[in-house]
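Heads up: the structure comes next, in structure tokens.
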There are 2 protein chains.
Amino acid sequence: MNTRELTGRQKEVLRFIENFLLTRGFPPTLREIAEGIGLGIKNIASVQKHLKSLEKKGYIKRIPRKTRGIELTSLKLSNLNIIPIIGKVQAGLPIPAFEDVEGTIAVDSLFVRNADGTIALRVKGESMKNAGILPGDVVVVKLNEQINDNDIVVAFVDGEVTIKRIKRKEDTIDLVPENPEFDVITIKSNEERLYILGKVVAVFRRIG
Amino acid sequence: MNTRELTGRQKEVLRFIENFLLTRGFPPTLREIAEGIGLGIKNIASVQKHLKSLEKKGYIKRIPRKTRGIELTSLKLSNLNIIPIIGKVQAGLPIPAFEDVEGTIAVDSLFVRNADGTIALRVKGESMKNAGILPGDVVVVKLNEQINDNDIVVAFVDGEVTIKRIKRKEDTIDLVPENPEFDVITIKSNEERLYILGKVVAVFRRIG
DNA sequence: CTCCCTGGTATTCATTTGAACACCATTATA
DNA sequence: TATAATGGTGTTCAAATGAATACCAGGGAG
């Protein structure tokens with residue numbers, strides 16, 4: 001048999017573990033698995049064998065002697081980032097304050113590597129429409145990130161929050177919208193009207 | 001003290017639990033917490049008190065008498081969906097086949113309610129640019145969903161995969177791009193050139 | 001036929017674990 | 001001043017748990 005193919009019973013065990021973990025928040029014990037797939041409570045040895053098979057075929061990883069020590073290869077929690085969604089950013093000095101935290105959002109590490117210094121905001125306005133950032137979208141913002149030319153940033157201008165593309169000139173900084181209906185905001189370097197909150201690193205949208 | 005505010009020690013305990021769960025894949029035992037925050041191994045009673053405080057303030061939920069029975073309010077795994085990323089969709093009858101599964105992606109239930117019959121695809125081409133769907137984006141597709149007029153769909157036309165907005169006319173179906181540089185594809189209802197794979201329900205993009 | 005893998009049943013055992021007490025110190029609040 | 005909340009220490013105990021072992025049966029591969 002192929003090294004990755006599962007027997008019916010093994011599939012059943014794997015599905016049970018996945019489902020248990022997703023609904024309960026932690027992996028099952030051997031006895032919980034036994035019960036879950038309709039085996040007698042005394043019948044842990046069978047479960048042990050199934051788990052050994054699943055591990056050999058690469059679907060799970062077991063941590064020896066640890067209660068509930070089962071990791072799913074398909075669901076690596078270490079690939080997850082929990083990021084707070086901020087409802088309102090309040091102007092303030094020296095740094096703006098985050099208010100109305102709506103909750104948290106789980107983001108795959110495919111989009112965000114590290115949750116440190118990262119927040120999520122809801123997009124208002126159409127100024128970045130042509131960059132594929134629409135009203136209602138959720139943008140993920142890295143706060144303490146190096147800002148490079150042409151980055152899309154979340155900026156405070158005169159106390160207002162806005163998303164724009166940044167372009168540095170000789171003596172000015174341009175905040176460029178990606179929508180011809182909006183104007184470029186030009187700020188002289190010596191003015192104190194601008195505060196760059198962070199860099200937009202991901203965009204999420206739900207449709208329908 | 002506010003019902004939600006945490007003391008320094010309580011914060012420390014919560015951070016430890018979060019970090020443990022995310023890196024190890026399952027919550028810690030009381031003794032692991034005790035060790036993790038620098039308490040003696042015998043000192044479980046203190047941890048019990050901290051957990052009780054954290055639960056009272058709504059940050060965690062405990063499942064009595066269960067080893068590692070700690071749920072994080074901020075990280076509800078039940079709010080997570082694990083969706084396969086399909087590298088290539090192969091034309092085939094009666095339904096296309098999914099090949100080159102790149103892996104899985106975790107999606108917050110904020111964007112996808114249910115993982116059943118759901119896949120993720122990478123966008124190629126700019127035909128939906130003005131709908132905020134760009135090349136390289138990941139789109140989430142519901143396979144067995146009711147298709148309504150004006151939905152954005154993944155369609156097979158003459159064996160080619162494409163993302164378009166669907167508009168039903170009297171005797172034809174129009175697949176409308178959201179980019180003036182692309183043409184509308186019109187298909188007569190009696191032709192067998194069209195297969196609707198599913199409906200696009202979410203778009204994800206990484207920037208930079 | 002023999003060997004290996006799968007799958008189930010039954011039992012034993014050392015550890016681990018959550019829970020419950022008792023006791024103490026500090027600090028903030030009423 | 002009294003009271004509650006926080007935070008730490010030490011101990012005991014029943015229950016839960018992973019591991020190991022032995023036994024049995026069927027099927028596929030060589």
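Chain identifiers are assigned alphabetically (A, B, ...) following the order of the sequence lines, protein sequences preceding nucleic acid strands; residue numbering begins at 1 within each chain.
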Query raised in the report: If the sugar-phosphate is the primed atoms plus P, OP1 and OP2 and the base is the rest, what is the B/S/- string for nucleotides 12-17 of chain D, using protein heavy atoms under 4.0 Å?
Result: -----B
Report task. Go through the steps for Arg122(B) and Glu102(B) under the test salt bridge (Lys or Arg N to Asp or Glu O under 4.0 Å), then give the verdict. Result -> CA-CA 10 Å; Arg122(B) 272 186 197 284; Glu102(B) 289 181 21; 3.6 Å; yes
Query raised in the report: Minimum heavy-atom separation for Pro177(A) to Val184(A), with atom names?
Result: CD-CA, 3.8 Å
Report summary line: Of dA19(C), dG10(D), dT11(C), the nucleotide closest to the side chain of Lys42(A) is dT11(C)
Query raised in the report: Is a salt bridge present between Asp137(B) and Arg205(B), judged by a nitrogen-to-oxygen distance below 4.0 Å?
Result: yes
Query - NZ/NE/NH1/NH2 to OD/OE distance under 4.0 Å, Arg9(B) and Glu12(B) - result: yes
Query raised in the report: Does a side-chain N or O from His50(A) land closer than 4.0 Å to OP1 or OP2 of dG7(C), or not?
Result: yes
Query raised in the report: Taking for each residue the nucleotide of DNA chain C with the nearest heavy atom, is it Lys49(B) or Lys49(A) whose nucleotide lies nearer the 5' end?
Result: Lys49(A)
**Report entry** Salt bridge flag under 4.0 Å for residues Lys199(B) and Asp151(B)
**Finding:** yes
Query raised in the report: Taking OP1 and OP2 of dG7(D), is either one under 4.0 Å from a side-chain nitrogen or oxygen of Gln10(B)?
Result: yes
Query raised in the report: Does a side-chain heavy-atom distance below 4.5 Å link Val141(A) with Thr118(A)?
Result: no
Query raised in the report: To the nearest Å, how far apart are Leu54(A) CG and dC5(C) P?
Result: 16 Å
**Report entry** Over all atoms of both residues, closest heavy-atom pair of Arg113(B) and Asn81(B)
**Finding:** O-OD1, 3.7 Å
**Report entry** Nearest-Å distance for atom pair CG/P, residues Leu6(A) and dC5(C)
**Finding:** 16 Å
**Report entry** Between dT17(C) (P) and Phe26(B) (CZ): distance, integer Å
**Finding:** 10 Å
Query - Phosphate OP1/OP2 of dT9(D) contacted by Ser46(B) side-chain N/O (<4.0 Å) - result: no
Requested in this report: Indicate yes or no: does Glu32(B) engage Lys66(A) in a salt bridge with an N to O separation below 4.0 Å.
Outcome: yes
Can you give me the N/O atom pairs linking the protein to nucleotides 3-5 of chain D at distances under 3.5 Å, or say none if there are none?
none

Query raised in the report: How close or far is atom P of dG27(D) from atom CZ of Arg9(A), stated in whole angstroms?
Result: 17 Å
Query - Between dT17(C) (C1') and Gln48(B) (CD): distance, integer Å - result: 10 Å
Query - Lys/Arg-Asp/Glu bridge criterion (N-O < 4.0 Å) met for Glu178(A), Arg165(A) - result: yes
Query - Under 4.0 angstrom between Ser53(A) side-chain N/O and dT6(C) OP1 or OP2 - result: yes
Report task. Could you tell me the separation between the NZ atom of Lys52(A) and the P atom of dC5(C), rounded to a whole number of Å? Result -> 11 Å
Report task. Report the distance from atom CD1 of Ile70(B) to atom P of dT17(C), rounded to the nearest whole Å. Result -> 12 Å
Query raised in the report: Tell me: CG of Asn43(A) to P of dT6(C), nearest whole Å?
Result: 17 Å
